[in-house]
Peer 1: 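Below is a structure I'd like to ask you about.
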There are 2 protein chains.
Amino acid sequence: MASKCRRLSGPIIRELLDSVESVLFDCDGVIWRGDEAVTGAADVINLLKKNGKRVFFLTNNSTKTRRMYVDKLRKLGFNASEEDVFGTAFCSAVYLKSEAKLNGKVYLIGSNAMKQELQNVGIPQVGVGPDPITGVQIDWANIPLDPEVKAVVVGFDEHFNYMKLNRALQYLSNPECLFVGTNTDTRLPLEGGKAVPGTGCLLKAVETAAQRQALVIGKPSKFMFDCVARQYGLDPAKTLMVGDRLDTDILLGSNCGLKTLLTLTGVSTAADAEAHRCSGCPLRLGMVPDYIVESIAELLPALQA
Amino acid sequence: MASKCRRLSGPIIRELLDSVESVLFDCDGVIWRGDEAVTGAADVINLLKKNGKRVFFLTNNSTKTRRMYVDKLRKLGFNASEEDVFGTAFCSAVYLKSEAKLNGKVYLIGSNAMKQELQNVGIPQVGVGPDPITGVQIDWANIPLDPEVKAVVVGFDEHFNYMKLNRALQYLSNPECLFVGTNTDTRLPLEGGKAVPGTGCLLKAVETAAQRQALVIGKPSKFMFDCVARQYGLDPAKTLMVGDRLDTDILLGSNCGLKTLLTLTGVSTAADAEAHRCSGCPLRLGMVPDYIVESIAELLPALQA
């Protein structure tokens, strides 16, 4: 087994790139931070494509459609099309349509983007938008339910409140009702070390109320990779996962047998990776990347040569 | 060690009652169900007092003040005064004042009753009532904080929403900020097998966002018993805990060395108790009651004799 946590440099970069056919990139903290591209990232991605590599974008963020991602990518200078983008709004819709073969509506705790992706595969939803609290306990317990709802899906929803939590509980009291979560990220990190609550908090509240565990679509769940791999016939051994989070991006890579590269422009640090490597804990070894770079811009010289 | 899960009957009831000085009752599912007294319960409690037993009411419900409990108790025919009632709204205020010696305000996710109990011990709060979502991520991360807030307290709050979750996260990002939860009940059971989400769901969401564990006041946490025991000098060996939930009432009793009696007018069943007894799992043995009755009305003949 090759050593882990290797700092990438000149000849190893070329060797690594020669060994892969496809590269999967996380977005926030990897190719952009907020609304600004990471310096050099667009050149890296455009050159990878020019060099014949297939490039895909895998993000746990559930607040954008494929279309919205492509608009943002292009605005920031990335050469990309809708087919390259796998967000959890899109992948959740794919799961419900193709895997679960859902025949009914979704009760959606989520965004308009999720609603749109569901509509794109022909699945109707109820629930998006504000849902103010009214009445008292007995009213909440007897809240009218839509009999066509066959699944509860939880993604990021700034309108999340007690009423929505209660509706989800009432639907999920039917053991036949599917229960899907887009991702378990506990926080959305912002510039300056600040953060706001992530989908993982909302999902945990619903799971606690329903006394059931959701099927999770996002990284590190293998479904996210399967979604790309099946459509494009990816060979895991010839695929590189690039991300800024050890617990989602790198763990997904390990779970799926991919090569993994941690970039330090986002959440996790080299010290975090090293701590996992030295932990002696088998569960943590999956969060140790094969390689580390300060920024994906370090791939540029090898691509330009 | 005496056998467990004994069905109480004639002579054993008298023996048990003779062996205790104090009896602690959970409320919902034990002495009342919703807004109706359990048949015979008021007579049991009034006769216990007449027979010289000290009677206290211990409830995880955080939506009522001691005053409100006494009003309800009296309306349903129970002889009770404020000093007999230990709810988590009251006990949380006691904890913050006497144990944590809080010198500052509370950010309260909770009810007006909790606000009132805090005021009764001289602790100001902010946060009660609706808190509609406005702005976008960057606004949420930079939401103005009250510099006097030194604790976040989470109880039942029908106005719980993403904005409150976010405020709690921002306050709790300061590691000096105390973090208290009234209880971890996942559901509030209602008549007819229905239920609505309980405080445990809200607390789990906040714990997930804050990446911290709250100190929990309610049963099965020992603090709830200590609160009564310290004030009245209770001897655990001469105290009986009567409840309808194995995971809160009976476990509290076991944790504190009390005698325990499960009544079947509420959440847990005799089969649940038996399953714990036969599990061979040390963690579950604390949820096995010493005695079981169909209803506390079964105590009546021994008290009337």
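A, B, ... follow the sequence lines: proteins, then strands. Residue 1 opens every chain. Note: hydrogens, waters and symmetry copies are ignored here, and every other heavy atom, side chains too, is used.
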Peer 1: Go through the atoms of B:I143 and report whether side chain, backbone, both or neither lie under 4.5 Å from a heavy atom of chain A.
Peer 2: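 Neither the backbone nor the side chain of B:I143 comes within 4.5 Å of chain A.
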Peer 1: How about the chain A/chain B donor-acceptor pairs under 3.5 Å, what are they, with distances?
Peer 2:
residue: A:A141; atom: O; partner: B:K194; partner atom: NZ; Å: 3.4
residue: A:F160; atom: O; partner: B:Y162; partner atom: N; Å: 3.0
residue: A:Y162; atom: N; partner: B:F160; partner atom: O; Å: 3.0
residue: A:Y162; atom: OH; partner: B:P197; partner atom: O; Å: 2.6
residue: A:Q170; atom: NE2; partner: B:A195; partner atom: O; Å: 2.9
residue: A:T186; atom: OG1; partner: B:Q211; partner atom: NE2; Å: 3.0
residue: A:R187; atom: NE; partner: B:A209; partner atom: O; Å: 2.8
residue: A:R187; atom: NH2; partner: B:A209; partner atom: O; Å: 3.2
residue: A:R187; atom: NH2; partner: B:A210; partner atom: O; Å: 3.4
residue: A:K194; atom: NZ; partner: B:A141; partner atom: O; Å: 3.4
residue: A:A195; atom: O; partner: B:Q170; partner atom: NE2; Å: 2.9
residue: A:P197; atom: O; partner: B:Y162; partner atom: OH; Å: 2.7
residue: A:A209; atom: O; partner: B:R187; partner atom: NE; Å: 2.8
residue: A:A209; atom: O; partner: B:R187; partner atom: NH2; Å: 3.2
residue: A:A210; atom: O; partner: B:R187; partner atom: NH2; Å: 3.4
residue: A:Q211; atom: NE2; partner: B:T186; partner atom: OG1; Å: 3.0

Peer 1: Identify the two heavy atoms, one from A:L165 and one from B:C201, that lie closest to each other, and give their separation to 0.1 Å.
Peer 2: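 Taking A:L165 first and B:C201 second, the nearest heavy atoms are CD2-CB, 3.9 Å.
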Peer 1: Among B:L203, B:L169, B:I133, B:V136, which residue has the highest count of heavy-atom pairs closer than 4.5 Å to chain A?
Peer 2: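 Most pairs with chain A among the choices: B:L169.
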Peer 1: Looking only at non-hydrogen atoms, find the nearest pair between B:A141 and A:V196 and report the distance.
Peer 2: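 So the two residues come closest at N-CG1, 3.6 Å.
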Peer 1: So what's closer than 4.5 Å to chain B heavy atoms on A:L188: side chain, backbone, both or neither?
Peer 2: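 Answer is side chain: those atoms of A:L188 sit under 4.5 Å from chain B.
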